Amino acid sequence: MTLSSSNTLSRWPTDRLLLWLLRGAAAIAGAIVLLIVAFLVMEALPVLRHVGVARFFTDPSWHPAEGFYNLTPMLWGTLFAMVGSVLIATPLGILSAVFCHYYAPPVVARPYRRLIELLAGIPSVVYGFWGLVVLVPLIGAIHPPGPSLLAGIVILTIMILPTIALMADAGLANVPQQYLRGAAALGLPRWATIRGVVFPAAKSGLFTGVILETGRAIGETMAILMVCGNVVQTPHSLFDPIRTLTANIALEMAYAVGDHRAALFVSGLVLMGMIAALVAAADWISHGRIYG
Amino acid sequence: MVKTLERNLDGRELLASTLVWSAAALVTATFCWLLWDILWHGLSQISWTFLTALPRNAGREGGIGPILVSTALILGVCLGVSVPIGVGTAVLLAEFTTDASLFGRLTRRSLDVLSGVPSIVFGLFGNAFFCKTLGLGFSILSGGLTLACMVLPILIRSTEEGFRAVPAGYRLSAAALGLSRTTTLFHLLLPAAGPGLLVGLVLGVGRAIAETAALIFTSGYVDRMPESLLDSGRALSIHIFDLSMNVSGGDANAYASALVLVVLLLAINGTASWLAEHWLHRRIVTV
């Protein structure tokens, strides 16, 4: 790779100007994250200062108008929906990538892959709308009220499935051909090859996929807002309505003022913290520090 | 002994095949169900009048004319801001920094985090920064700028891919001819990296047009025809959300709007993957 690097002799003043322009653009692009964190902290600071961190977990309830700021029901909501959907979507997504690579005849594999790509492009509000008019009444018929943790998990699963399927697909494509030939030479049948050779070789790609889908599951707002019922409570069964952190922001931001508004920015900070932790984990894995 | 082992193995293989095929069937069936449902309910509502008329009765009747205009304007602002910054950053990362340099690494890392930030957090940020601090209020401008922040990582990644796909010989030849870096960039590298840029652009448009959560508190809900960029305008995705959640009896028009949005996105993503395969000869996975 040849770099048009600035340390080689350049006689052109335009080059120096160009370089500074490019640096400016990159600085803006790089600073956006810092700007986001700065504004979240700035807006959240008043409530953090005179309410304190602990009360976000120990207050009796979430009634910001009366000065109660307990975020734990929403945290549980986010956590349950995330864990449920990741647990279902991961095996389905990995199996669907395996299907593409090792089971489907090429005539089927190509359109199937295209289908997953299309699925990845459908906006969350459309998933949410479909969930609201099709899925929620269906669940309501089995066990009222309908809008529930279960509906949220199903919709989230459908939404994050393309993410893990595409990442797993890319991971499987990177498995060296000679591994597969070696397995074939040993007379290993198909599933034994996949389980014993392909999965270990593609491990880091698969883990990155899981982390990415977890990030999407945590951050999803619209779809989950539309199907989950949005009652602030810690769910006790799959059929209980829940409210997630993201849905809480979307619902209350429109009329929140003062400390209430600041409390919503605190939940934004919590979300940012979760995502930063996931990115760090992905980074760790891709550098092969835990899985070679 | 060998017989039982073989039967065991056969059983396991059979089970795995069944599982894999049924997983694929389940995914296909769900997708077809979803698409069919939207097509079935939406297609009967779609007409030229629906696409151009004003919404009446909170959107229950009438069309989506002003909403399409607002969506286009938000998109225009978003691209107008994100393309120069995105291409500039991509050029710097691909052509003017080594992978080991501190500035390059920091920028890359911060873009990685940016691509994972939940859209609702972009909404909070846009509301605090563009609407309040910069005083733009609920407007198309605020919405577009917020989206610009959001699509930057996608734009930069695929533009960078485009630059990296340009053979090193181009740069060496240009240097041997004594061309300035600026000339090399504008006359050689940029045209050669065009496909990557285009793919990034199309993917960015797809992401921006699908976005809802980041726009609720930045571009607002107003469904009138926008008169300037400082007016509030309702994007198509917000229209669907509003009709299905806040307006009882809005489902028919919500279906139609959802169909319009899905068709737009399928067209956009189809273009992107076609471009990537035919020009770049590689698949760009953005998830």
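Please read all numbers here as calculations on a predicted model, not as lab measurements. Residue numbers begin at 1 in each chain, while the letters A, B, ... track the order of the sequences.
Within the 4.5 angstrom heavy-atom criterion, only side-chain atoms of B:R109, from C-beta onward, approach chain A. With a threshold of 4.5 angstrom between heavy atoms, A:L18 approaches chain B through side-chain atoms but not through N, CA, C or O. Of the two parts of A:A276, neither the backbone nor the side chain holds a non-hydrogen atom closer than 4.5 Å to a non-hydrogen atom of chain B. Residue contact with chain A, scored on non-hydrogen atoms closer than 4.5 Å, is absent for B:L264. Neither the backbone nor the side chain of B:Y221 has a heavy atom closer than 4.5 Å to any heavy atom of chain A. Interface remark: A:L35 contributes backbone and side-chain atoms alike to the contact with chain B (heavy atom separation under 4.5 Å). For B:V262, the part lying under 4.5 angstrom from a heavy atom of chain A is the side chain only. With a threshold of 4.5 angstrom between heavy atoms, A:V33 approaches chain B through its backbone and through its side chain. Interface remark: A:F99 contributes backbone and side-chain atoms alike to the contact with chain B (heavy atom separation under 4.5 Å). Within the 4.5 angstrom heavy-atom criterion, atoms from both the backbone and the side chain of A:L119 approach chain B. In this structure, chain A has no heavy atom under 4.5 Å from any part of B:L15. Within the 4.5 angstrom heavy-atom criterion, atoms from both the backbone and the side chain of A:L225 approach chain B. In this structure, the portion of B:F186 lying under 4.5 Å from any heavy atom of chain A is its side chain and not its backbone. Looking at A:V134, only its side chain comes within 4.5 Å of chain B, counting heavy atoms on both sides. Only the side chain of B:F122 has a heavy atom closer than 4.5 Å to any heavy atom of chain A. For a residue to count as touching a neighbouring chain, one of its non-hydrogen atoms must lie under 4.5 Å from one of that chain's; by this rule A:T221 touches chain B with the side chain only.
Of the listed residues A:L115, A:V279, A:I94, the one with more heavy-atom pairs under 4.5 angstrom with chain B than any other is A:L115. Between chain A and the residues B:L106, B:L243, B:D251, B:T183, the largest count of heavy-atom pairs under 4.5 Å involves B:D251. When the candidates A:M272, A:R261, A:M42 are compared by the number of heavy-atom contacts under 4.5 Å with chain B, A:R261 comes out ahead.
Of the inter-residue distances, the one linking A:R195 atom CZ with A:L188 atom CG reads 10.5 Å to the nearest 0.5 angstrom. We find the CZ-OG distance between A:R216 and A:S124 to be 8.0 Å, quoted to the nearest 0.5 Å. Atom CZ in B:F241 sits 6.0 Å away from atom CG in B:N246 (nearest 0.5 Å). Interatomic distance, OG of B:S119 versus CG of B:L124, reported as 10.5 Å (0.5 Å rounding). Atom CZ of B:F96 is separated from atom CG of A:L22 by 5.5 Å, given to the nearest 0.5 angstrom. One finds the CD1 atom of A:I158 at 6.5 Å from the CG atom of B:L34 (value rounded to the nearest 0.5 Å).
The environment of A:Y112 atom OH is dense: over 12 non-hydrogen atoms of other residues, nucleotides or ligands sit within 6.0 angstrom. More than 12 heavy-atom neighbours from other residues, nucleotides or ligands sit within 6.0 angstrom of CH2 on B:W21.
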Kindly determine whether B:L261 and A:F129 satisfy side chain to side chain contact (heavy atoms under 4.5 Å, CB included), including the steps that lead there.
CA-CA 12 Å; B:L261 186 58; A:F129 176 58; over 6 Å; no

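Closest approach of A:I160 and A:A217 over heavy atoms only: CG2-N, 4.0 Å.
Aromatic ring centres of A:F265 and A:F39 lie farther apart than the 6.0 Å criterion allows.
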